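For clarity, every value in this text was computed on a predicted model and none was experimentally measured. Positions are given from 1, in the same order as the sequence printed here. Whatever order the structure lists ligands and atoms in, that order sets their numbers, starting from 1.
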Amino acid sequence: MSADPTASVRYNSDLPRAAYTKTLQGQPALITGASSGIGKATALGLAQAGADIVVNYIGDPTPAEEVAHQIEKFGSKAIAIEADVSTEDQVQAMFAKAINHFGTLHVVVSNAGLQRDSPFEAMTLEQWNTVIGVNLTGQFLTAREAVREFKRRGVDTNISVAAGKIVCMSSVHQEIPWAGHVNYAASKGGIMMLMKSIAQEVAPQRIRVNAVAPGAIRTPINKAAWSTPEAYDALMALVPYKRIGEPDDIARAVCWLASDAADYVIGTTLFVDGGMSLYPGFATGG
Ligand code: NAD
């Protein structure tokens, strides 16, 4: 018997999973920042759930086009659209193009995000504004266009019992302070109240707004935290479940929140973090 009976799943990024169920057929979905990491996995997950997909990206179109090709292999349609989510006219042009292409949107996942880390006293206004611009203003601009389209179309019960669903990608750092990442944590705390306030405002129109708060997920944004065995083991001190999250863990949570199975879920943040937000230091101390 192995000394650590969890060893076989600790480093494994390819754990067996149930197939996705077709809960989102006929519901075109737009995912921002969908050419890598969590956004890519979410685009692929929503496609496996039956949705046609708008793959938003910024910069090099090649990875986004590859995601679109993968989506087509699942039998869904896909279009890659470039837009900087922090820029109003680009977000509006993206929605116009997406709605023209698919007729409407039913699901919008506001996922694009970045970090510009710095000790607080050295943080530049540019670092602050870049993170707030993409992570928070980008969520505002994306959610506003989504609400406008969902209100315009209203409910079609043949497709979904809600007029539309928005899922905001937050982080455990909407709750957990993060030294050296003040701009990022502030943006995620902002997303929490943005999400809840929009949710309260548009629920009467049967638009559901929720968030997912990932913990440590294996993506490019935090490669330094998992790419060596030493870094990985240090990270596990913060994760009671003792494995890193995979992008597909987040995709499955988004699929559920976007589906009618979650129809009475409004203004909630679903933490998908292996227990990271459970104050793991108190497991042995306190
Ligand atoms: P990632 O770097 O792979 O993905 C971020 C994506 O956003 C990239 O595709 C990037 O091109 C895109 N992007 C950046 N600026 C943009 C802009 N102005 N307009 C459009 N797209 C833009 O990293 P990820 O981990 O997949 O991050 C996705 C989201 O998940 C982010 O909001 C991040 O804060 C959040 N998150 C990640 C983790 C984690 O552990 N990986 C944890 C908590 C929250």
message = Please determine whether a side-chain nitrogen of the Lys or Arg among R206 and D263 lies less than 4.0 Å from a carboxylate oxygen of the Asp or Glu.
response = yes
Nearest-contact summary for atom 16 (C) of ligand 1 - protein heavy atom, Å = I58 CG2, 3.7 Å
task = Examine I217 against ligand 1 and note whether any of their N/O atoms are separated by less than 3.5 Å.
result = yes
message = With a 4.0 Å cut-off on heavy atoms, is G215 in contact with ligand 1?
response = yes
request  = State the atoms of ligand 1, each with its element, that fall below the 4.0 Å cut-off from a heavy-atom position in Y184.
outcome  = 33 (C), 34 (O), 35 (C), 36 (N), 43 (C), 44 (C)
query = How many angstroms lie between CG in D248 and OG1 in T42, if you round to the nearest 0.5 Å?
reply = 8.5 Å
query = Hey, is the main chain of R218 close enough, under 3.5 Å, to the side chain of E246 for a donor-acceptor pair?
reply = no
task = I would like to know whether I58 and Q90 meet side-chain contact (heavy atoms from CB on, under 4.5 Å); could you show each step before the answer?
result = CA-CA 11 Å; I58 189 168; Q90 292 191 29; 5.8 Å; no
key: Ligand-residue contact atoms, ligand 1 with P220, heavy atoms, under 4.0 Å   = 3 (O)
note = The answer for which part of Y57 has a heavy atom under 4.0 Å from ligand 1 is neither
inquiry  = Tell me whether ligand 1 is touched by K188 - counting only heavy atoms on the residue side and a distance under 4.0 Å.
reply    = yes
note = re atom 43 (C) of ligand 1, the protein heavy-atom contact at minimum distance is P214 O, 3.4 Å
request  = Examine the proximity of ligand 1 to A83 and report which part, side chain or backbone, both or neither, has a heavy atom under 4.0 Å away.
outcome  = backbone
inquiry  = When you measure from the centre of the six-membered ring of Y20, is the NZ or CZ of R252 closer than 6.0 Å and no more than 45° off the axis?
reply    = yes
key: Check against side-chain contact (heavy atoms from CB on, under 4.5 Å), Y279 and I176   = CA-CA 9 Å; Y279 300 95; I176 302 175; over 6 Å; no
query = Where is the nearest protein heavy atom to atom 4 (O) of ligand 1: which residue, which atom, and how far?
reply = S36 OG, 3.4 Å
request  = Output the distance between atom CD1 (I207) and atom CD1 (I166), rounded to the nearest 0.5 Å.
outcome  = 6.5 Å
ask   = Nearest to atom 21 (N) of ligand 1, what protein heavy atom do you find, and at what distance?
value = A112 CB, 3.4 Å
ask   = Any idea which atoms of ligand 1 are less than 4.0 Å away from a heavy-atom of G37?
value = 3 (O), 26 (O)
request  = Would you check whether P63 reaches within less than 4.0 Å of ligand 1, judged by its heavy atoms?
outcome  = no
ask   = Between E145 and L141, is any pair of side-chain heavy atoms under 4.5 Å apart?
value = no
ask   = Hey, is ligand 1 close enough to N222 that some N/O pair sits below 3.5 Å?
value = yes
remark   = Quick look: D84 vs ligand 1, heavy-atom contacts under 4.0 Å, and the answer is both
message = Side chain, backbone, both or neither: which applies to P247 and ligand 1 if a contact is any heavy-atom pair less than 4.0 Å apart?
response = neither
task = Report, as yes or no, whether the 6.0 Å neighbourhood of atom NZ on K22 holds more than 12 heavy atoms from other residues, nucleotides or ligands.
result = yes
query = Can you list the atoms of ligand 1 that are under 4.0 Å from a heavy atom of S35?
reply = 9 (O)
key: Part of N111 with heavy atoms under 4.0 Å of ligand 1, whether side chain, backbone, both or neither   = both
Proximity to ligand 1 by part of N56, non-hydrogen separation under 4.0 Å = side chain
inquiry  = Tell me whether T137 contacts the main-chain N or O of S86 through its side chain, where contact means a donor paired with an acceptor under 3.5 Å.
reply    = no
ask   = Given the rule in the side-chain contact (heavy atoms from CB on, under 4.5 Å) test, do K40 and T219 qualify, once you have shown the distances and angles that lead to the verdict?
value = CA-CA 10 Å; K40 173 180 175 179; T219 75; over 6 Å; no
query = Of all the heavy atoms in S170, does at least one lie under 4.0 Å from an atom in ligand 1?
reply = yes
key: Option with minimal heavy-atom separation from atom 15 (N) of ligand 1, where the choices are D60, T130, I191, V134   = V134
ask   = For ligand 1, which atoms have a heavy atom of A216 less than 4.0 angstrom away?
value = 40 (O)
ask   = In terms of residue, atom name and distance, what is the protein heavy atom nearest to atom 14 (C) of ligand 1?
value = G113 O, 3.9 Å
remark   = Ranked by distance from atom 26 (O) of ligand 1, the top protein heavy atom is I38 N, 2.7 Å
task = List the closest protein heavy-atom neighbour of atom 2 (O) of ligand 1: residue, atom name, distance to the nearest 0.1 Å.
result = I221 CB, 3.9 Å
ask   = Quick one: does ligand 1 sit under 4.0 Å from the side chain of L114, the backbone, both or neither, non-hydrogen atoms only?
value = side chain
task = Please test Q174 against M193 for side-chain contact (heavy atoms from CB on, under 4.5 Å), starting from the C-alpha separation and ending with a verdict.
result = CA-CA 10 Å; Q174 73 170 39; M193 286 310 292; over 6 Å; no
query = Heavy-atom contacts under 4.0 Å between T219 and ligand 1: side chain, backbone, both, or neither?
reply = side chain
request  = Under the salt bridge (Lys or Arg N to Asp or Glu O under 4.0 Å) rule, what do R208 and D260 come out as? Steps first, then yes or no, please.
outcome  = CA-CA 10 Å; R208 295 193 300 104; D260 281 357; 5.2 Å; no
message = Just to confirm my output: which protein heavy-atom neighbour is closest to atom 19 (N) of ligand 1, and how far is it?
response = V85 N, 3.0 Å
Heavy-atom gap T32 to ligand 1 smaller than 4.0 Å = no
